[in-house]
Amino acid sequence: MAKKIFSAILLLNLIFVGSFATAAENPRADKNFALFYQHQGYDYLLKKDSLDWYEKNSLRVVFFKFVVYDSRTPENTNWDKETPMQFAYNVAEKKVYFIESDGSLDYLNPNGTTAEGSNYAPGAEIAYWLAFGEKFYGTYDDDFYNFLDD
């Protein structure tokens, strides 16, 4: 009888550990996701299969969807909530803009403050690299881009 109880406890323990390991799996291991922004324990993960682009006037517009992963409490992550985002690139002037929901453009100053969009500048570089296979600013080291190609 003790052997059956011990076996049952062991089996339940394995099931519990296995389900916890699946829930806690790091989504950065998923090749469809690219980390493009982090803030206060949240990872903003670009979905590569949603990435596309078009030209509008003199701008290249890259759009994609992203998921917010709660790295502190992964079980709170809503994998079904995909949020759209767009960046507009003026290639000639090397300027990137965040496209607001109303269509207005906010300049992302890569050398400015967080309020001036500098926090999204690396994400804009990532989106451009994934869409075109080219550097936009070109100010990041090769490891930055090599990581995206893995």
Side-chain angles (χ1 to χ4, degrees), residues 11-150:
L11 181 63
L12 288 173
N13 211 4
L14 288 173
I15 291 170
F16 174 74
V17 169
S19 64
F20 178 75
T22 301
E25 184 177 318
N26 186 345
R28 290 188 217 169
D30 186 331
K31 297 293 184 189
N32 190 41
F33 289 124
L35 177 68
F36 77 97
Y37 180 66
Q38 287 180 300
H39 184 68
Q40 296 182 345
Y42 296 99
D43 294 347
Y44 293 67
L45 304 168
L46 180 152
K47 290 190 67 177
K48 291 179 184 179
D49 63 359
S50 72
L51 189 70
D52 209 349
W53 69 278
Y54 62 92
E55 299 228 7
K56 183 176 182 179
N57 302 326
S58 61
L59 300 173
R60 281 185 173 178
V61 177
V62 174
F63 61 94
F64 57 91
K65 294 178 182 174
F66 68 91
V67 174
V68 180
Y69 173 68
D70 186 340
S71 62
R72 294 173 296 178
T73 48
E75 63 274 7
N76 290 341
T77 299
N78 182 353
W79 293 104
D80 295 326
K81 183 179 180 192
E82 298 177 354
T83 306
M85 182 178 272
Q86 298 183 79
F87 292 118
Y89 301 81
N90 183 324
V91 177
E93 295 181 15
K94 289 291 184 198
K95 290 185 175 179
V96 180
Y97 302 89
F98 176 77
I99 302 177
E100 296 285 353
S101 59
D102 65 0
S104 63
L105 301 178
D106 286 335
Y107 173 58
L108 301 179
N109 184 348
N111 302 311
T113 65
T114 300
E116 294 172 320
S118 66
N119 53 335
Y120 275 132
E125 183 77 4
I126 289 168
Y128 195 84
W129 176 264
L130 291 173
F132 303 107
E134 302 171 3
K135 298 177 181 180
F136 185 77
Y137 292 122
T139 56
Y140 302 96
D141 63 16
D142 288 341
D143 289 340
F144 179 87
Y145 302 98
N146 292 337
F147 177 73
L148 296 171
D149 290 334
D150 289 340

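All heavy atoms count here, side chains included; hydrogens, waters and symmetry mates do not. Remember, predicted model here, so these are calculated numbers, not experimental data.
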Inset, instruction - Please report the C-alpha distance between Lys47 and Asp30 in whole Å, then the side-chain angles of each, then the deciding distance to 0.1 Å, and finally whether the salt bridge (Lys or Arg N to Asp or Glu O under 4.0 Å) criterion is met. - result: CA-CA 10 Å; Lys47 290 190 67 177; Asp30 186 331; over 6 Å; no
Legend entry - Residue pair Ser71 / Gly41: nearest heavy atoms and the distance that separates them: OG-O, 2.6 Å
Inset, instruction - With rounding to the nearest 0.5 Å, note down the distance linking OH in Tyr128 to OH in Tyr89. - result: 8.5 Å
Inset, instruction - Would you name the heavy atoms of Leu35 and Ile126 that are closest together and state the gap between them? - result: O-CD1, 3.4 Å
Inset, instruction - Please tell me if the side chains of Asp43 and Val68 come closer than 4.5 Å, counting only heavy atoms from C-beta onward. - result: no
Legend entry - Nearest atoms (heavy-atom pairs only) where Val61 meets Lys56: CG2-CB, 4.4 Å
Inset, instruction - Look at the side chain of Asn57 and the backbone N and O of Leu59, then say whether any donor-acceptor pair between them is shorter than 3.5 Å. - result: no
Inset, instruction - Step by step, work out the side-chain contact (heavy atoms from CB on, under 4.5 Å) result for Leu130 and Lys48. - result: CA-CA 8 Å; Leu130 291 173; Lys48 291 179 184 179; 4.1 Å; yes
Inset, instruction - Mind checking the CE-CZ spacing from Met85 to Phe36? Nearest 0.5 Å is all I need. - result: 4.5 Å
Inset, instruction - Please tell me if the side chains of Tyr69 and Phe33 come closer than 4.5 Å, counting only heavy atoms from C-beta onward. - result: no
Inset, instruction - Please work out whether the ring planes of Tyr140 and Tyr145 are parallel, tilted or perpendicular, with thresholds of 30° and 60°. - result: perpendicular
Legend entry - Note, Arg60 side chain near Phe132 side chain (heavy atom, < 4.5 Å): yes
Inset, instruction - Consider only side-chain N and O atoms of Asn119 and Tyr37, and report whether a donor and an acceptor are under 3.5 Å apart. - result: yes
Legend entry - side chain to side chain contact (heavy atoms under 4.5 Å, CB included) partners of Asn109, counting only residues at least two apart: Tyr107, Asn111, Glu116
Inset, instruction - Please answer whether the main-chain N or O of Tyr137 pairs with a side-chain N or O of Glu125 as donor and acceptor at a distance below 3.5 Å. - result: yes
Legend entry - Any donor-acceptor N/O pair, Thr77 side chain to Asp70 backbone, under 3.5 Å: yes
Inset, instruction - Could you pull out the closest heavy-atom pair between Ala131 and Leu51, with the gap in Å? - result: N-CD2, 3.6 Å
Inset, instruction - Would you give the length of the straight line joining atom CG of Leu46 to atom CZ of Phe64, rounded to the nearest 0.5 angstrom? - result: 4.5 Å
Inset, instruction - Quick one: pull up CG in Asp52 and CD in Gln86 and give me the separation to the nearest 0.5 Å. - result: 11.0 Å
Inset, instruction - Measure from NZ or CZ of Arg72 to the centre of the six-membered ring of Tyr42, then state whether that distance is under 6.0 Å and the direction lies within 45° of the axis. - result: yes
Inset, instruction - State, yes or no, whether a side-chain contact exists between Phe87 and Phe98 at a heavy-atom distance under 4.5 Å. - result: yes
